[in-house]
Amino acid sequence: MSSNQYNGYPGQGEINTLLEFINRLGNASRGISGDIDKHLAKIKSLTDTNTLSIDALKPHFDAVMQALQREQARIERTMREVHLGSISALRYLLDYEKLAPGSKEQTADVLQRLQAPLHSYSELLPLMLNVIERFQAELSTSVRPFGEKPNAAHYQALQGELTNLLATIDFRSAASNTLQSLRQRLLQVLDGEQLLNACMDALRLIIQGINEERQSAQQFLLSLSDALSSVNKALARAVQTHDDTSEEQAQLSQQLQARVQNLASSVNNASSLQELKHQVQGHVNDISELLVNKLTMEQRERQSLRNQLSTMQARLEDVESEAQMYKRKLSEQKFKSLQDSLTRLPNRAAFEERLELEYQRWQSYAAPLAIAIADIDHFKVINDTYGHTAGDKTLQVIANMLKKSLRDTDFVCRYGGEEFVIVFPQTTTEVAFELLEKARHRIKSIPFKFKNTSISITISAGVSSFVAQDTPARVFERADRALYLAKNEGRDRVSQQ
Ligand SMILES: Nc1nc2c(ncn2[C@@H]2O[C@H](COP(=O)(O)OP(=O)(O)OP(=O)(O)O)[C@@H](O)[C@H]2O)c(=O)[nH]1
């Protein structure tokens, strides 16, 4: 409609168009806002009169426009909240440790699409359906009706957890062979019953290990208590000897005093020099005899004390060396519980300890800190084609090369399965990326040879670093997403986020 068609009053054609527009708007917006409903009703009643004037309609049109703008702002705000809420719900889902295998990748994929820039909120709706599907899928695998059998995905997740648990323990004794064969068994695909048996064996093994440790601790405590009681006896003997000797010494001293007094009174009472000479001679002989006795007694006491002291010292030395041995064993145990027994790299528990430490340092000093996750490409194929022993060997060689290619200050651990995690203290994402690229090239050029076939094995990695307000979990999640990208883009590459 152009304004020059009007002289303040519209014709019947315009009124019909306007009426239709208002009807449609009324239908589309009914119930959204009381304000809009009210003004549209007023406009409608004004258009019903014969003296319809645009001027009379205008304030109602303005009010409808304003109410529509307010509504639009409210809808956008709600959509934004739904968008952000879905992102954090998916992140939460990704943090859930018991995600069924494969679910993590699908969830990360939806999250990635949700995080990409949106051109309009209508693009959000199909993504919301994906979010709901992810949660439905996860709920249907994790909440099973009572009595329903767990599915293969559950067995697989449980098997993975058991494998990770067994990677954190190590025994030297007879249990070590059982542990090794249990680990091998867990590399096969197990059905429910086999998995249950493996769980029972793992429990038996852990109990056996604990008992062995307890016995060895008891043995040590028994020998410590033996040693202490023999030291105690020796000490009591030394005190007794000292008491006996002190009594004898006191008697001897009294005798000596008496002899000296006798000598003095002999000197006073002597009537002739000859008599004095005779008496003095007798007393001096007595005194010197007593002195010789005293000296012998003192020597005897010293010797006895020396003997007893050296007995005590020998026993204490025994206890000390036993305690040293026990201390060494305990620190070896602690080291082992933080070490992966196959690759000899630190394990996941060690990584968590180290990451916490580096995170605290990062919070205090704000020096750059990066984390990377590296994963062997198509590792399952190596296991399936050349056997698990070849798979194990591959893990050891790659672990070695990864460690050798990085710096001493970088912390490399076997996180689980064929996954390694690296913490790069005081390092930016860019530097960590370059270091990982170098490691990737070196690993790719290792000449692996299995069953007379030369093969090259590659890794993919994802890296990310801490930015303001980050938490370790968030950085780890970004590194994991970057790894997922590297795998998706064709593997044998490093990706950063
Ligand atoms: N030999 C051996 N295999 C292991 C060990 N831990 C995990 N695995 C195997 O590693 C394989 C991992 O396979 P997937 O998760 O499918 O991954 P992939 O084949 O490497 O494929 P992409 O990661 O997608 O490139 C599984 O077959 C596990 O049984 C281990 O300690 N020794």
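Count residues from 1 along the sequence. Note that ligands are numbered from 1 as they come in the structure, with each ligand's atoms numbered from 1 the same way.
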Amino acids in close contact with ligand 1, where any non-hydrogen atom sits under 4.0 angstrom away
Leu187, Asp375, Ile376, Asp377, His378, Phe379, Lys380, Asn383, His388, Gly391, Asp392, Leu395, Arg414, Gly417, Glu418, Lys487, Arg491

Does atom NZ (Lys487) have a neighbourhood of more than 12 heavy atoms from anything else shown, all under 6.0 Å?
yes

side-chain hydrogen bond (donor to acceptor under 3.5 Å, both in side chains) with Gln497: which of Arg481, Gln112, Glu477?
Arg481

Check this for me: does any side-chain nitrogen of one of Lys104 and Asp480 sit under 4.0 Å from a carboxylate oxygen of the other?
yes

Tell me whether His388 contacts the main-chain N or O of Gln184 through its side chain, where contact means a donor paired with an acceptor under 3.5 Å.
no

Does a salt bridge link Lys438 with Glu434, judged by any charged N lying under 4.0 Å from a carboxylate O?
no

Are there more than 12 heavy atoms of other residues, nucleotides or ligands under 6.0 Å from atom CD of Gln426?
no

